[in-house]
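Here the structure is a predicted model, which means the values were calculated and not measured. Letters A, B, ... are given to chains in the order of the sequence lines, protein chains preceding strands, and every chain is numbered from 1.
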There are 2 protein chains.
Amino acid sequence: MAKRVRPIRVGIADVAKQAGVSLATVSRVMNGNFSVDPEIAERVRAAATELKYQPNPMGRNLARGKTDTIGVVVPDLGNPTFQGVLRGVSRAAAQDGYRVLIADSSEVSSEEAVLAGEARRRCDGVVLCAPRMSAAELEELAPSLHPMVLVNRSTEAPGNPSVMVDYGRGIQDLATHLAGLGHTKIAYVAGPESSASNALRLAGLELFQQTHPHVDLVILHNGSTFEDGHESTGDVVASGATGILAFNDLTAMGLLSGLNERGVKVPEDISVTGFDDIPFARFTTPPLTTAAVPIMDVGEHAWQQMRDLLNGTDSADSLRVFEPHIVVRGSTGVPAKITASTPE
Amino acid sequence: MAKRVRPIRVGIADVAKQAGVSLATVSRVMNGNFSVDPEIAERVRAAATELKYQPNPMGRNLARGKTDTIGVVVPDLGNPTFQGVLRGVSRAAAQDGYRVLIADSSEVSSEEAVLAGEARRRCDGVVLCAPRMSAAELEELAPSLHPMVLVNRSTEAPGNPSVMVDYGRGIQDLATHLAGLGHTKIAYVAGPESSASNALRLAGLELFQQTHPHVDLVILHNGSTFEDGHESTGDVVASGATGILAFNDLTAMGLLSGLNERGVKVPEDISVTGFDDIPFARFTTPPLTTAAVPIMDVGEHAWQQMRDLLNGTDSADSLRVFEPHIVVRGSTGVPAKITASTPE
DNA sequence: AAATTCTGAGAAAGCGTTTTCTCAAACCGT
DNA sequence: ACGGTTTGAGAAAACGCTTTCTCAGAATTT
């Protein structure tokens, strides 16, 4: 029977025939193996370009046991933070000839394990962005995912680099900023329970409380989206706090919007801070005071760690912490009570 | 010589041995081929789960000639629009068991062809988001990329579905909105020359001009980023126009910021419109009047087209146009001249 | 000039699946 | 009970490369 309709695909064999050499030689030339006569190499290259030969990645992948691709799994592609690290990883990896496969778990933590596993099998490595799964699950999963690098999480087992953001430090700075302005009652509108970065913020606030015992600190439970922030408005107002630490910029913006609807003036009546310094934080009304996180750098560093893992290069640090720095804009100010007690 | 250290990887052969059947049978069971005795199938399944067997994707890919992956190439992962379609495609594809590989051309149009080609070879298909390359290049590249679906571009050659947004209609609606408010001098702050959607907007404005001959329409050349919008402030003010159609929400936000710095009131002195209705458009000061584009739907539809292509299902329409709808917020209003001429 | 080491390229063995091909055994109708 | 279909599973051939193994012939050594 006739061979099935050849999809006009030129393979390594065609090039070999055209150049009058063996498959092995073509492969050698294509992979820059120098142990081949320059003249022959040239002949092969000519044949390759003439036939427009492009190596089939599937064949290569199988033969080499690698794909030059890494997987990135994020909880939500709609979140500017994850978009940032995705972009950072993607660009950095591209520099080294690697591509990235994305997996969006849609905040369903039970999906994470299977997505991560699948990504790992398809790729040479996997970076897990702020996985929502429990610590126990993460520990259990880690060995089967190696090489893996974590963003904003860490594991006991060594060999899995983490790149983290010092949310504790950031929230302390923000709280201190508010306290410095004279706020004595501060509310933290917390993020998702399952969020590790939320836990870090809470720990940071505990330290803050120790150094500022006179400040009345209250925790309001909430979420991580704009809508969550908007819905927290009632609780925030009811709390009587004049300084509000929102979980992130998104919730801060939601809160700003909610407060505006109720006629509460920011920062005159209430000061609000965000976290992350997403690109739009400076365009809110008023512009948002927040803790800037160098998110692209986080992504880029995550790639570097991954590359070291893949190359077997022992990376210097397997835990890198990025420090946020607060940027003060218009959403924070001296609380009303103080202003009122100092009439002109 | 001893086999190199087995990386503990269980292959189909291990399962076959464990179950006492041939490789072929294991494969059949794993792929839900029913022509296998239920009892044996059960035995195979038991062996598979006991050994925690997971098929190696590289092997499958090569044997099946497909990867269950599609590539998405975008000009800039930092652009909310592309983030939106990426998210839409990713989620929709995931539903059908496909994954997505991303390629960010960083707005370098010369990179697009190579990135797209590589993505295509690695994946079963490719969706090109608003490629910046010339029409000629696109036509030339198209055949080698098939199956491919285009977003916001189209080709002569059939078989390459396009999903587009009716930017012409949107900008006309926006312009009409401004004209309706009484603006008689309107400026369009154009996007990148190479942007096809910019051309569509220009075409739309031409139609608008025909139906509104009395309106003085001026075109200011510019870019697509926030910074571009900010830098256009001088030209905008100098133009004397009272109604400004920004290329997109990003440039509109930049412009808003620039106008604010100069003490120009929006919308009292100048009205500004954006385009896209990115999630943050409603939080600018004042909230941005814009043309909302159902960007997630665009991504989702792009996937559907791709799926049809992959399945050989002839899709009903190979050109789908999504209509934007304008959403009027606070950044547009009656021009000052009119207000002044109707004193209370 | 014979023996030994290098070089460079072809032959062939994987890589881990899927998918024909084959063929024995069970099943069928007459 | 016997030729003719089905069933069901194993053997083996792809899939398209990379890489090890081999082995001529050239280069070098004695």
Next on the checklist: Can you identify which nucleotide, out of dG10(C), dT17(C), dT18(D), has its nearest atom closest to the Ser22(A) side chain?
Outcome noted: dG10(C)

Checklist entry - Rounded to the Å, how far apart are Arg43(A) CZ and dG8(C) P? => result 15 Å

Item to check | Atom-to-atom span, CG of Asp37(A) to C1' of dA27(D) - whole angstrom | outcome: 15 Å

Checklist entry - Below 4.0 angstrom from OP1 or OP2 of dG8(D), is there any side-chain N or O of Ser35(B)? => result no

Next on the checklist: Please classify the nucleic acid contact of Gly11(B) as base, sugar-phosphate, or nothing, using heavy-atom distances under 4.0 Å.
Outcome noted: sugar-phosphate

Item to check | Per Ile12(B) side chain, nearest of listed nucleotides dT18(C), dA9(D), dA9(C) | outcome: dT18(C)

Checklist entry - Any idea how His301(B) and Phe322(B) line up, ring-wise: parallel (<30°), tilted (30 to 60°), or perpendicular (>60°)? => result perpendicular

Item to check | Salt bridge flag under 4.0 Å for residues Arg132(B) and Glu107(B) | outcome: yes

Item to check | Asn31(A) CG - dG16(D) C1' separation (whole Å) | outcome: 13 Å

Checklist entry - Between Met30(B) (CE) and dT17(C) (P), how many Å, whole number? => result 9 Å

Next on the checklist: Heavy-atom count check: over 12 atoms from other residues, nucleotides or ligands less than 6.0 Å from Glu42(A) CD?
Outcome noted: yes

Checklist entry - So what does Asn61(B) hit on the nucleic acid, given a heavy-atom distance under 4.0 Å: a base, only sugar-phosphate, or nothing? => result nothing

Next on the checklist: Just N and O in the side chain of Arg60(B): are any of them under 4.0 Å from OP1 or OP2 of dT18(C)?
Outcome noted: yes

Next on the checklist: Measuring from the side chain of Ala63(B) (C-beta onward, heavy atoms only), which nucleotide among dT17(C), dG10(D), dT18(D) has the closest atom?
Outcome noted: dT17(C)

Item to check | Flag for Arg60(A)-Asn31(A): side-chain donor and acceptor within less than 3.5 Å | outcome: yes

Next on the checklist: Taking any heavy-atom pair under 4.0 Å as a contact, classify Phe34(A): base, sugar-phosphate, or nothing.
Outcome noted: nothing

Checklist entry - Which part of the nucleic acid does Thr25(A) contact within heavy-atom distance under 4.0 Å: base, sugar-phosphate only, or nothing? => result sugar-phosphate

Checklist entry - Just wondering, more than 12 heavy atoms not from Glu140(B) lying within 6.0 Å of its CD? => result no

Checklist entry - Among dA9(D), dC17(D), dG16(D), which is the nearest nucleotide to the side chain of Leu62(B)? => result dG16(D)

Checklist entry - With distance as the sole criterion, do the side chain of Arg28(A) and the base of dG10(C) form a donor-acceptor contact below 3.5 Å? => result yes

Checklist entry - Can you tell me how far P of dG16(C) sits from CD of Gln54(B), to the nearest Å? => result 15 Å

Item to check | Separation of atom OH in Tyr53(A) from atom P in dG16(D), rounded to whole Å | outcome: 10 Å

Checklist entry - dC15(D) C1' sits how many Å from Arg9(A) CZ, rounded? => result 11 Å

Item to check | Given dA9(D), dT18(D), dC15(D), the nucleotide with the shortest approach to the side chain of Ile40(B) | outcome: dA9(D)

Item to check | Minimal non-hydrogen separation, Leu115(B) against Asp104(B), with atom names | outcome: CD1-O, 3.8 Å

Next on the checklist: Tell me whether the side-chain N/O atoms of Asn56(A) come closer than 4.0 Å to OP1 or OP2 in dC15(D).
Outcome noted: no

Checklist entry - What is the distance from CE of Met58(B) to P of dC15(C), rounded to the nearest Å? => result 13 Å

